[in-house]
Structure formats: C-alpha cells, structure tokens
Number of protein chains: 2
Amino acid sequence: MEVTNTKYKNQGIHVISALFTVDKGITKILLIKRENEPYKNMWALTGGALYNDETLEEGMHREIKEKTGLENIFLKAFQNFSRVERSPVMRMIAVTYIGFIDIHKVTLLKQTEKTNNCDWFSIESLPALAYDHNEILEKALEELKESIFESDILKNLYPNGFTLPEIQKTYEAILEKELDRRNFRKKMLASHFIIDTLKTKKFEGNKPAKLYKFK
Amino acid sequence: MEVTNTKYKNQGIHVISALFTVDKGITKILLIKRENEPYKNMWALTGGALYNDETLEEGMHREIKEKTGLENIFLKAFQNFSRVERSPVMRMIAVTYIGFIDIHKVTLLKQTEKTNNCDWFSIESLPALAYDHNEILEKALEELKESIFESDILKNLYPNGFTLPEIQKTYEAILEKELDRRNFRKKMLASHFIIDTLKTKKFEGNKPAKLYKFK
DNA sequence: GCAAAAGTGTTGCCCCTACACCCATGT
DNA sequence: ACATGGGTGTAGGGGCAACACTTTTGC
C-alpha cells in the first residue's frame with residue numbers, strides 16, 4: 001500500500017547501538033565515521049536505517065556486521081528517541097541498544113565493506129556526534145551503570161575468559177568507582193553467570209589468578 | 001525528502017498502550033473496537049499510527065485522548081514489536097506502553113470523536129485481538145507483575161485516594177496471589193510514594209480505614 | 001455482644017557493606 | 001627475602017517473609 005496521508009508519509013526507523021569496550025581501565029565507545037550526508041565526515045554511533053524485510057534486532061545485527069564485521073553480539077534493548085527534528089532529512093525514530101565488544105576483535109576490522117573508518121573513543125573525550133547520538137550515548141552510559149550487575153552484557157568482552165581481578169577493573173572503569181575485592185568476588189561467584197575454567201592466567205601480579213568464563 | 005529506495009519505503013510506527021484497571025478484584029484491559037480495515041470490527045489495544053509532527057509520547061497521549069477522552073495518563077515505556085508481517089497493510093513497528101486508569105473515568109466516555117465502542121475486558125476472557133495485540137498484552141501483563149512495586153504506575157487508578165486494604169486487593173488481583181496484610185502495609189508506607197490524607201473511608205468492613213493518596 | 005474487617009510487632013533469613021591478614025609467585 | 005598483587009572470613013544493618021492478637025464500628 002502506498003502511503004498518501006502526509007501525516008504518516010516518509011517515516012523511517014534508525015537502529016542504533018552504543019557499543020562499549022574497556023581497554024586498560026578506560027571505558028571506550030565505538031564510533032563510525034559517516035561517509036554520506038547528512039552529517040558527512042562526522043562520527044556517529046553504530047547503526048543505520050531499518051530495512052522493510054527485517055525485525056529491529058535483525059536490522060541492528062546487520063548494521064553491526066556491516067560496520068564492524070562482528071556477529072552474535074549480545075545486545076540489551078535500550079530506549080527509543082523520537083524528537084521530531086532529530087534527523088534533518090526525514091522523520092526518523094531511533095530504536096537503541098547497548099552492547100559490549102572485546103577491543104581486540106575490532107581493531108583488525110576497521111576496513112569493512114561499508115565502512116573504512118571506525119575507532120574507539122574514550123568516553124572522557126568525545127567529539128560532537130551526528131544526529132542526537134551524544135544524547136543517546138550519555139543516557140546509555142547512565143543505563144549501563146545502573147544495569148551492569150543485572151545482566152551478562154559483558155560476556156562479549158572476554159571471549160577467552162577472564163580473571164576476577166581483571167573483570168573487577170572493568171566494572172570499576174564503567175562505574176567510575178573502586179569496589180571492595182572480597183565483596184566483588186562474592187557477588188560474582190554467587191551470581192552463577194560465570195564458571196571456573198580450572199585454568200589460571202596472570203594479570204597484574206606475579207601470582208597467577210583463576211580463569212573464569214561466562215556461561 | 002522523498003524516499004525512493006524500496007528497502008526503506010513505506011514504513012510507519014504504531015504507538016500502542018495496554019491500559020489496565022482493576023474492578024472489584026478483577027484485572028481488566030481497555031479494548032477499542034476497530035472501525036476501519038485492517039481487522040475491521042475486531043478489538044484492539046489503544047493506539048494508532050504516529051504522526052510526523054509528534055514524538056512517540058505525544059502521539060501516544062493523542063491516541064489515548066482520541067479514543068478514551070483521557071489526558072495526562074502516566075505511562076511506562078514497554079517493548080518494541082517488529083515482526084515483519086505484524087501489519088498486513090504496510091511495514092509497521094510497534095512502540096508500546098503500559099498504563100492504569102480509574103474505571104469510573106472511562107465508562108462515561110465510550111463515545112468519543114473517533115471511537116464509539118470501547119470496553120473493559122477481564123484478562124481471563126479475552127477475544128482474539130487485531131494485529132499482534134494478544135502477544136503485546138500477554139507480555140505487558142508479565143512486565144506489569146514484575147514492576148508493579150517498582151513504580152507509581154497505579155497512581156491514575158485512585159484519583160481520590162485509597163485505603164490500604166483497598167489498594168492491597170488491587171495488588172493481589174494484578175499479581176494473582178494473596179499478600180500478607182502487615183508486610184504489605186509496611187512496604188507501602190516505607191515506599192514514600194504515598195501520603196496520609198488524615199481522612200478515612202469505609203471499604204469492606206464497618207471500621208473506617210485511613211485514606212491515603214499518591215504524592 | 002457479636003460479626004467483620006482494620007490495625008499493629010517481632011523474629012529469622014538473606015543480601016549487602018565494611019574491614020585486615022595470609023598466600024603464591026617472580027625477581 | 002622481599003615485593004606484588006591474589007585470595008579469603010566475619011560482623012552489623014536493612015529489607016523481606018512468616019506469623020496472632022487487639023481495636024473499631026454497625027447491627
């Protein structure tokens with residue numbers, strides 16, 4: 001059916017992810033340099049327009065695949081953004097997600113079919129982003145801090161497992177505060193999200209630490 | 001800008017609310033009879049297509065106003081639904097909300113400008129609904145049970161205040177289980193969502209109960 | 001005075017926080 | 001042996017669930 005009523009005509013949906021990592025104690029966000037108008041040459045969150053033949057989740061995973069080469073990223077649904085003027089081109093509603101990525105998996109993939117410029121930016125020093133992406137990112141960070149212990153959203157960060165001192169540093173970077181080592185360990189081990197691999201790995205000290213992984 | 005790429009052409013957004021009430025211990029949902037195709041003459045949740053000149057929240061409140069006459073309903077954002085074939089007419093994404101309404105405010109408003117047939121249905125005996133609204137309603141009910149103590153979503157239910165025995169019955173109807181009277185009172189009074197009006201009101205017994213209201 | 005619902009406190013359990021010392025390894 | 005981070009236990013406080021008796025009112 002062709003839409004003729006101008007009240008509804010020419011609407012579209014953006015699927016957008018705030019993809020985070022933590023690298024050496026610094027929380028970073030993956031940004032993609034736009035190659036087309038509008039906002040050409042500006043940095044933006046990962047995403048794009050939804051196609052007619054895919055669900056929101058399918059479209060989001062397609063966009064992430066196209067722009068980073070990564071598949072099967074665990075995503076947490078976040079908010080919708082719908083300011084009328086949020087896109088200068090046509091009416092676009094933004095449906096957003098939050099995810100985490102192992103930084104080492106992306107550095108090799110900066111040149112993908114559709115994108116030849118993506119990079120990690122510390123959340124402390126962000127450029128002005130395309131569209132309303134600064135606002136989306138700011139709210140995503142708040143949500144991240146509130147929900148970080150309630151989900152296994154970090155599971156993509158440690159594909160090869162992690163030690164507790166190592167992942168604690170990641171939590172501290174995200175929450176921007178220090179955590180008690182004993183209480184943190186108790187909480188993580190009680191969560192049943194993680195299991196002991198019976199292997200060890202050295203992190204910062206000389207004594208090897210136990211290696212865990214997400215279920 | 002005209003959209004020419006068929007991948008994106010003719011997309012639209014539904015804003016949809018599951019509007020609940022509790023009447024004499026029965027949880028009910030407000031349904032609207034559709035007057036137009038598709039799904040003409042079937043019952044549906046409250047909502048419709050988003051206009052180009054309004055945010056999602058504005059569009060949702062407009063739809064509720066048009067279909068029930070009610071304004072300023074407190075809504076909790078819920079999920080998005082995006083199955084490709086969820087609308088037989090064109091590609092529509094559903095953005096959904098959950099709300100509560102005092103049943104006495106709507107019974108007088110069944111005939112509004114755009115709708116001359118709306119009614120409350122017990123969630124125990126629902127008709128087949130238009131679109132994917134049965135699925136949306138089912139998931140909204142689950143969410144409602146999980147979040148009922150975490151928000152003041154019930155505030156529209158008792159515009160004139162409520163007694164604790166009365167609102168406890170409402171919680172029990174929604175949760176489909178009985179609650180301990182002493183623990184319930186402690187929890188409600190500790191929540192600081194509600195304040196004592198210093199008035200009383202009779203509910204089921206002969207002894208008048210204290211009247212409270214939401215802040 | 002009796003029926004019917006309103007109103008009230010205490011205990012145990014679990015989760016969370018705060019806090020200090022020994023252990024394993026590399027040099 | 002010493003330096004460095006890895007690993008562990010306990011005590012107190014707050015929220016939640018289980019449980020029974022007294023109070024107020026209408027009849």
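Note that the coordinates shown come from a computational prediction; the quantities given were computed from them, not determined experimentally.
- Under 3.5 Å, the side chain of B:R185 and the base of C:dG7 form no donor-acceptor pair of N or O atoms.
- Rounded to whole angstrom, the span from the CD1 atom of A:I167 across to the C1' atom of D:dG6 amounts to 16 Å.
- Side chain A:K186 to base D:dT10: a donor-acceptor pair is found below 3.5 Å.
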Only distances under 3.5 Å count here; give the side-chain donor-acceptor pairs of residues 206-215 of chain A to other protein atoms, sequence neighbours excluded, each with its distance to 0.1 Å.
residue : atom : partner : partner atom : Å
A:K215  : NZ   : A:H192  : O            : 3.0

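- To the nearest angstrom, C1' of C:dA6 lies 14 Å from CG of B:D196.
- Candidate nucleotides D:dG26, D:dT8, C:dC19 were compared by shortest atom distance to the side chain of A:N183, and C:dC19 ranks first.
- As rounded to whole Å, 11 Å separates atom P of D:dA17 from atom CG of B:L175.
- In this structure, A:K28 fails the cation-pi test against A:F121, since its NZ or CZ atom is not both closer than 6.0 Å to the six-membered ring centre and inside 45 degrees of the ring normal.
- Contact annotation: the side chain of A:N52 never approaches that of B:V84 to less than 4.5 Å [non-hydrogen atoms, C-beta and beyond].
- A straight line from CG of A:D180 to C1' of D:dG5 spans 15 Å, rounded to a whole angstrom.
- Listed nucleotides C:dG9, C:dA6, D:dT8 differ in distance to B:R182; the shortest reach to its side chain belongs to C:dG9.
- A:E204 places its CD atom 18 Å from the P atom of C:dT25, with the value rounded to the nearest Å.
- If you take CG of B:L179 and P of D:dC19, they are 15 Å apart, rounded to a whole angstrom.
- Here C:dA20 is the nucleotide among C:dA5, D:dC19, C:dA20 with the atom lying nearest to any side-chain atom of A:R181.
- With the nearest nucleotide of DNA chain D identified for both A:N206 and A:E166, A:N206 has the one nearer the 5' end.
- Residue B:K207 has its side chain nearest to C:dA6 when only C:dA6, D:dA17, C:dA20 are considered.
- If you take NZ of B:K177 and P of D:dC16, they are 13 Å apart, rounded to a whole angstrom.
- If you measure from atom NZ of A:K202 to atom P of C:dG26, you get 5 Å, rounded to the nearest angstrom.
- Ring-plane geometry between B:Y171 and B:F184 is classed as perpendicular, the angle between the planes exceeding 60 degrees on a 0 to 90 degree scale with a lower cut at 30.
- A cation-pi arrangement is absent between B:R86 and B:F81, since the terminal nitrogen or guanidinium carbon is not both under 6.0 Å from the aromatic centre and inside a 45° cone about the axis.
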